[in-house]
Amino acid sequence: MFATAVIVFREVLEAAIVVGLVLAASQGLRRRGLWIGSGIAVGLGGSVMVAAFAGGIAAAAQGMGQELFNASVLFAAVGMLAWHNIWMARHGAALAKNINAVGRDVVAGLRPQYLLASVVGLAVLREGSEVVLFLYGIAIAQQDQASALWAGALLGLAVGAGSGYLLYLGLLRFAARYLFSVTGWLIALLAAGMAAQAAGFLVQADLLPTLRDPLWDTSGLLSQQSVLGNLLSVLIGYLDRPAGIQVLLYAITLTTILVLSQIYRPNRKRSTRVVSKLAGAANSE
Amino acid sequence: MKRLFPVALVRLLVALVLVTALVPAGAEELPRFPLTAKDSRFVPEMIEVPAGKKFRLVVANEGPGPEEFESHELNREKVIPAGKTAEIIIGPLKPGTYSFFGEFHPKTANGRIVAK
């Protein structure tokens, strides 16, 4: 039972961390529960579909379909996370600083909710399809300990989801004016980690050169299999034996997000003006 | 807007599947080494490969149930549905021992690749 719990936990953790981070990053967003909830629901539905068509996906692209599919899902999530961060760079300060509830609602109403909902959907889809496959394996094995295995799966699911919730609660402890810069950094690092993971899949499909594999080996210092290493790998993309190309993509993604956010950051005066103007417009309606 | 979102995601998914199906993977001829996943174990549990050369590990899953080939040392992970065969491109490896395991049966499904 415990082994099953660990397996399910590991798969669930990444999606749970993404959901927790997105929940914190979407503070002040109207109907975010609905958006994020539908992201999770669509992701779960997609997981079952991906699991059902796992054979077909695996056979595509001369047997490298699974790698390409994983890399595509990851890159799509990276793009949406980057987009969200750049949007927040432009409007986040106004969102956090404006105490006027109407102005806050107006700015919040402009946020591209579907971005974060889709990120949640993609994260759940990727990790969820492996959980579904694994549970399907348990179900058809029909062993005597089937009930213990299911209990383990539920335990893993609960602990994984709990970890995401803890991250969410932890992030909420930050004061409003720091919250969005903290979530912004975490999202940038998460996106960079996903890009590195996607690069790994493309190396596995033989579509990208490794540029030295591994570039370094810190598995003796901090193994990715340890609790801390696993958490860091999910949160900030820590890899104990990364290929050179993974490190390169990590750096490119992080730099791109930070540079674009900087470019699109409005100066303080302008952002305040925009908010008061929007708030004024809303008040006059 | 609410209804648009699932449609958008479904479209994205369809696009991803299409891209997945259309992009050809490198089809160069590499030496092939067979591996079988069966009854929660891998057979053989030790595979000898030449060091310094890329190769294809051809993993057949005879079931029951899906298995995920995973190796931290090799930086590889791949799900193989029951009754299917998957190819995993590995290397070039430095001489040494690289362990792998089945993520869905981590206690019993263990093996290692020895590069010489």
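Side-chain atoms of B:Ser71 come within 3.5 Å of backbone N or O of B:Ser99 as a donor-acceptor pair. Under the 3.5 Å distance criterion, the side-chain polar atoms of B:Tyr98 are left unmatched by any main-chain donor or acceptor of B:Ala115.
Most heavy-atom pairs under 4.5 Å with chain B, from the set A:Gln225, A:Glu67, A:Gln224: that is A:Gln225. Between chain A and the residues B:Glu73, B:Glu103, B:Lys78, the most heavy-atom pairs under 4.5 angstrom are made by B:Lys78. Top candidate by heavy-atom pairs under 4.5 Å with chain A, chosen from B:Glu87, B:Lys84, B:Glu68, B:Lys107, is B:Glu68.
Taking the ring centroids of B:Phe100 and B:Phe42, they lie under the 6.0 Å cut-off.
Proximity to chain B is absent for every atom of A:Phe53, based on heavy atoms less than 4.5 angstrom apart. Both the backbone and the side chain of A:Glu130 come within contact range of chain B, with heavy atoms under 4.5 Å apart. Using a 4.5 Å cut-off between heavy atoms, A:Val203 touches chain B through backbone and side chain atoms alike. Proximity to chain B (any heavy atom under 4.5 Å) is shown, for A:Ala54, by both the backbone and the side chain. Only the side chain of A:Asp213 comes within contact range of chain B, with at least one heavy atom under 4.5 Å from a heavy atom of that chain. In this structure, chain B has a heavy atom under 4.5 Å from the side chain of A:Ile7, while its backbone stays farther away. In this structure, no portion of A:Pro214 lies under 4.5 Å from any heavy atom of chain B.
B:Leu35 pairs with exactly one of B:Ile47, B:Asn61, B:Val43 by the side-chain contact (heavy atoms from CB on, under 4.5 Å) rule, that one being B:Ile47.
Taking a 6.0 Å sphere around CZ of B:Phe33, one finds it holds more than 12 heavy atoms contributed by other residues, nucleotides or ligands.
Here the OG1-CG distance, from A:Thr210 to A:Leu248, works out to 12.0 Å after rounding to the nearest 0.5 Å.
A side-chain donor from one of A:Arg241 and A:Ser219 sits under 3.5 Å from a side-chain acceptor of the other.
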